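A short worksheet on the structure shown next.
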Amino acid sequence: MSNQNMTVTIAGVEMKNPVTTASGTFGSGREFGEFVDLNKLGAVTVKGVASVPWKGNDAPRIAETYGGMLNSVGLQNPGADYFIENDIPFLRQYDTKIIVNICGHTIEEYCQVAEKLSDADIDLLELNISCPNVTAGGITFGTEPKMAEKVVSEVKKYAKQPLIVKLTPNVTDITEIANAAVCGGADALSLINTLQGMRIDIHGKKPVLANKIGGFSGPAIKPVALRMVYQTAKAVDVPIIGMGGISNGEDAIEFIMAGATAVAVGTANFSNPMVTIETIEGIEKYMEQYHISHISDIRGIIE
Ligand code: SIN
């Protein structure tokens, strides 16, 4: 039995440890069940759910890059009704918290999905105003403070679960959007979503992704993500779930020292399905090594 206390609280929801998954990199958890004991995770954050099914973007929608990958999936998902019927019962078999990433093309669609999920047995909602791969909704709401505040305040009218707002790094000053989301009623923030990027097939003389531009994620973006978590933690009073290139316990500790309450592991799941568990073990090992009794003792210690 470990002497290290890793529990964290996000908007009143207690997680047994600070590690969750980044939306879109872990499906609904089912895909990883063979490798990962979901009971060990602080929370599972599922792929974006809309009020109705979305078919996503044309292929190719994934490309490898140095130190990461590009995606332009376009939030393909089977819709809230399917999710409520199939995925929630599956996840509820496990002793972990459920965070549901929600998406929409319009404020009305965001409100509809929040309303559909309002009586569902889930713990937290994560409002996706940061996906760079859709022409309406997503990043179009997350790059303008007034729009961000408006969508958050409207969704808050329908959401019964605490609301995390997921921020895009594709802005000049992330603290402006963070403050706007908090003014709108965000109970917590998660950051960062992907950085907009591109690759070109020089032989075919065309972009590698059918959508031309996609979202860049993976270890290469970690310094950017860490900087933004650090700046945001200094600017707001709500808890932060930090993410962006986390691949092990040491990466996670960096985010916690920068001010994150919890962390999400994303792209690393694709190359190492065990990475969430290894990250939890790595945090525990670090705490043992430095005799840290509670994870909150190191939260935000970087001035
Ligand atoms: C996608 O489905 O295009 C990625 C999800 C996101 O960036 O939020």
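Indexing begins at 1, ligand by ligand and atom by atom, following the structure's order. If you're wondering where the values come from, they're calculated on a predicted model, not measured in any experiment. Start at 1 with the first residue, then count along the sequence.
Taking every heavy atom of both residues into account, S51 and Q112 meet most closely at OG-OE1, 3.4 Å.
Residue pairs satisfying the side-chain hydrogen bond (donor to acceptor under 3.5 Å, both in side chains) criterion with at least one member in residues 232-252, sequence neighbours excluded, are listed as follows: K222-D251.
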Exercise. Would L41 and T20 satisfy side-chain contact (heavy atoms from CB on, under 4.5 Å), going step by step from the backbone distance to the final call?
Worked result: CA-CA 6 Å; L41 302 184; T20 184; over 6 Å; no
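One N or O on the side chain of T21 and one on the backbone of T45 form a donor-acceptor pair closer than 3.5 Å. Under the 3.5 Å distance criterion, the side-chain polar atoms of D121 are left unmatched by any main-chain donor or acceptor of I88.
Taken together through direct or relayed side-chain contacts under 4.5 Å among Ile, Leu, Val, Met, Phe, Trp and Tyr, Y94 and M6 form part of one hydrophobic cluster.
Listed as neighbours of ligand 1 are K47, N71, V73, G74, L75, N128, C131, P132, N133, N193, each bearing a heavy atom under 4.0 Å from the ligand.
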